[in-house]
Amino acid sequence: MSDAREPSANPPRGENPASGRRSEQRNTASDAREQSAGTKWWRDAVVYETYVRSFADGNGDGVGDLPGIRSRLPYLRDLGVDALWLTPFYTSPMVDHGYDVADYRDVDPLFGTLEDFDALLTEAHRLGLRVIIDVVPNHTSSRHPWFQDALAAAAGSSARERYVFRAAAPDDPAPPNNWTSAFGGPAWSRLEGPDGRPGDWYLHLFAPEQPDLNWRNTEVRREFEEILRFWLDRGADGFRVDVAMGLFKAQGLPDTTHPVHHPSQEGFRESPIWGQPEVHDIYRRWRQILDSFRGQRMAVAEAWTAGPEDLARYVRSDELHQAFNFSWLKAPWSAAAFREVIDDSLAATSLVGATTTWVLSSHDAPRHVTRYGGGSLGLRRARAALLTTLALPGSAYLYQGEELGLPEVTDLPEEALQDPIWRRSGYTQRGRDGCRVPIPWSGARPPYGFSLDGTRPWLPMPEDWGELSVAAQDRDPDSTLSFYRRALRIRREHPALGDGTLRWLEAPKDTLVFARDPGLVCVLNCGENPVRLPDHRRVLLASSPLDGDRLSGNGAVWLAM
Ligand code: GLC
């Protein structure tokens with residue numbers, strides 16, 4: 001198996017992965033040769049998703065920001081992750097909390113300034129942490145100057161060519177096709193014509209304030225290449241590509257035969273909306289740009305696909321480096337389901353020479369403690385799932401707060417809900433706010449050190465989160481936080497973990513047992529009854545206390561063989 005844990009895989013603590021000086025960012029030919037020979041850091045990196053609004057509030061306005069994140073970087077270093085991913089912090093009207101970008105080259109005042117970004121990046125690099133930032137290419141904000149120009153311009157003008165506009169007769173009330181928005185309602189909104197009568201339609205796969213760009217337009221393609229260069233020049237280590245499978249729509253915009261359009265749902269393999277082949281040309285071009293910069297820059301796709309084989313197309317050797325493995329997140333608590341996802345994912349990525357990118361939670365999905373049953377059962381399972389995740393070959397993405405065992409907040413008052421899904425669904429779907437509640441850092445009452453005392457955080461924080469705070473868990477050796485720190489330390493140090501392959505071993509019912517060579521076995525018991533552990537030298541880490549040589553139900557363990 002390959003040995004990706006050699007010291008060069010991750011920047012040693014304190015080493016600067018990418019210098020902040022722009023003139024030093026571009027690759028020379030000899031850099032490029034050196035880079036392609038070395039181990040690729042992302043292949044087994046543990047990346048921590050920082051949902052910027054909810055991580056730490058530096059200026060006391062109740063909303064998280066870049067200076068807040070900077071002040072908490074030592075926490076992330078001590079947790080033991082390799083990199084952080086920052087969700088969008090660009091200028092935005094915040095209709096979708098930053099996924100509606102009005103200026104791709106600036107920081108929204110709510111989150112700080114460009115100088116704050118530079119300072120955060122420099123400090124992260126100093127601490128040995130890489131930084132990945134979001135790029136949102138499928139749509140802009142309706143406040144983006146391009147869309148404003150398009151609104152001011154005449155139907156059929158080049159300003160409108162950057163988006164997906166369709167003309168219609170004023171007396172025809174039907175939208176151009178039957179597509180619906182991922183947030184609910186039709187995917188089309190209609191402008192008023194110059195005569196005050198109904199005018200052109202424009203496409204928005206998400207909110208009406210997020211018009212879809214037309215990726216068949218050269219100017220759009222060029223603009224995003226420049227945006228990538230802008231942030232690479234500042235020293236960003238890579239990008240998380242939002243809605244990576246959405247940029248192109250089938251020519252002619254035909255009706256879809258599937259009733260559901262959100263890519264996280266089944267039934268979209270033949271969709272005219274998602275996963276059009278042309279998208280891969282874009283990522284080939286982006287790969288060349290990333291490779292032209294110093295210091296192993298990378299990109300990870302948020303690509304919802306029909307299965308692991310479709311997903312693997314995004315990580316072919318001349319395209320993006322990673323793609324989130326959402327089938328891991330979607331799998332129910334079942335040894336058979338987990339086994340199938342593991343086998344299919346490893347088979348698909350190995351065909352293209354990439355590693356898999358395991359993910360259990362994100363800012364778009366209910367937290368896994370709650371998905372796995374909630375309460376103490378959900379937490380037991382979540383800890384077991386973490387040990388399994390970190391033992392699998394490849395890279396893992398953690399979502400802020402999972403290291404504290406935070407549950408989904410399911411009882412946010414309706415008047416507090418902010419996700420556009422709530423309104424767009426006609427107030428029938430509560431949306432994603434429940435996994436976006438700010439992080440409790442310290443203290444017994446909201447805002448738990450997330451913001452200044454007395455400040456109201458942008459989403460209300462539960463009254464009973466004091467015990468879950470970082471400060472409460474910091475020194476408790478049995479806390480979920482201490483467990484994550486131990487797991488991440490062992491993962492970093494153990495030669496078997498990270499990149500490589502796994503070997504399945506015989507397993508009792510409802511249990512998975514696999515070996516990582518040299519010398520580590522992971523056992524996951526998804527059943528309720530205890531199982532006997534295989535012979536081993538030592539227990540490295542267990543997700544819950546062992547009973548002699550037995551692993552209780554809903555638990556996992558790493559064994560040294
Ligand atoms: C992605 C983001 C999500 C956002 C959507 C539209 O799925 O993760 O939060 O709402 O794209 O940009």
Side-chain angles (χ1 to χ4, degrees), residues 47 49-55 64 85-102 104 108 111 132-144 147 163-164 179-185 187 203-213 215 224 227 239-247 249 260-265 268 273-275 279 299-305 311 314 322-326 329-330 357 359-367 397-400 408 417-425 429-437 458-459:
V47 184
E49 177 186 356
T50 313
Y51 191 67
V52 175
R53 281 184 90 78
S54 301
F55 190 63
W85 148 32
L86 302 175
T87 55
F89 47 77
Y90 315 108
T91 315
S92 164
M94 304 289 165
V95 169
D96 189 17
H97 294 331
Y99 283 99
D100 47 323
V101 182
Y104 288 83
D108 194 277
F111 296 141
I132 298 171
I133 61 176
D134 235 297
V135 60
V136 186
N138 181 68
H139 43 265
T140 68
S141 159
S142 54
R143 307 298 312 169
H144 189 285
F147 196 72
Y163 294 89
V164 185
W179 299 1
T180 55
S181 145
F183 290 165
L203 177 71
H204 52 85
L205 294 180
F206 295 88
E209 297 85 354
Q210 293 167 297
D212 278 54
L213 285 163
W215 275 83
F224 274 86
I227 292 166
F239 299 95
R240 176 259 189 196
V241 184
D242 188 61
V243 194
M245 71 298 172
L247 313 194
K249 285 79 186 174
V260 290
H261 296 155
H262 191 269
S264 65
Q265 293 165 309
F268 59 98
I273 308 176
W274 311 111
V279 82
V300 53
E302 184 218 17
W304 297 86
T305 64
L311 190 64
Y314 291 80
Q322 295 187 319
F324 294 116
N325 184 351
F326 292 123
L329 176 151
K330 286 194 283 178
T357 303
V359 48
L360 287 168
S361 272
S362 82
H363 68 285
D364 288 329
R367 285 189 176 275
Y397 278 68
L398 309 181
Y399 175 50
Q400 66 180 36
E408 181 80 359
L417 296 179
Q418 305 207 12
D419 187 345
I421 290 180
W422 174 235
R423 190 168 50 84
R424 299 275 308 157
S425 69
Q429 289 176 44
R430 294 172 64 85
R432 302 160 293 180
D433 292 322
C435 66
R436 298 173 175 181
V437 171
W458 72 278
L459 279 175

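Small disclaimer: the values here were computed from a predicted structure and weren't measured. Whatever order the structure lists them in is the order used to number ligands and atoms, beginning at 1.
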Chemist: Can you name the ring pair (Phe, Tyr, Trp, His ring centres under 6.0 Å) partners of Phe89, sequence neighbours left out?
Modeler: Phe117, Trp231
Chemist: Specify side chain, backbone, both or neither for Arg436, according to which of its non-hydrogen atoms lie closer than 4.0 Å to ligand 1.
Modeler: side chain
Chemist: Do Trp458 and Ser54 have side-chain atoms, one donor and one acceptor, less than 3.5 Å apart?
Modeler: yes
Chemist: Answer side chain, backbone, both or neither: which part of His97 comes under 4.0 Å from ligand 1, heavy atoms only.
Modeler: neither
Chemist: Could you work out, for atom 10 (O) of ligand 1, the closest of Thr87, Asp96, Val243, Val241 by heavy-atom distance?
Modeler: Asp96
Chemist: For Arg432, counting its heavy atoms only, list the atoms of ligand 1 lying under 4.0 Å from any of them.
Modeler: 3 (C), 4 (C), 9 (O), 10 (O)
Chemist: Need the ligand 1 atom indices (1-based, order shown) with element for anything under 4.0 Å from a heavy-atom of Glu302.
Modeler: 1 (C), 7 (O), 8 (O)
Chemist: Geometry only, no angles: is Asp242 polar-contacting ligand 1 at N/O separations under 3.5 Å?
Modeler: yes
Chemist: Donor-acceptor pair, Ser92 side chain versus Met94 backbone, under 3.5 Å?
Modeler: yes
Chemist: Looking at His139, which atoms of ligand 1 are within less than 4.0 Å of one of its heavy atoms?
Modeler: 6 (C), 12 (O)
Chemist: With a heavy-atom distance limit of 4.0 Å, tell me whether Phe183 approaches ligand 1 through its side chain, its backbone, both, or neither.
Modeler: side chain
Chemist: Going by ring pair (Phe, Tyr, Trp, His ring centres under 6.0 Å), name the residues that satisfy it together with Tyr397, two or more places apart in sequence or in a different chain.
Modeler: Phe324
Chemist: For ligand 1, is there an atom lying under 4.0 Å from some heavy atom of Arg240?
Modeler: yes
Chemist: Does the Thr87 side chain pair with the main chain of Val52, one donor and one acceptor, at a distance under 3.5 Å?
Modeler: yes
Chemist: Under 4.0 Å from a heavy atom of His363: which atoms of ligand 1 are those, numbered in the order shown and with their elements?
Modeler: 2 (C), 3 (C), 8 (O), 9 (O)
Chemist: For Ser142, run the side chain to side chain contact (heavy atoms under 4.5 Å, CB included) check against His204, Gln210, Glu209 and tell me which one passes.
Modeler: Glu209
Chemist: With distance as the sole criterion, is a donor-acceptor pair present between the side chains of Asp134 and Tyr90 under 3.5 Å?
Modeler: no
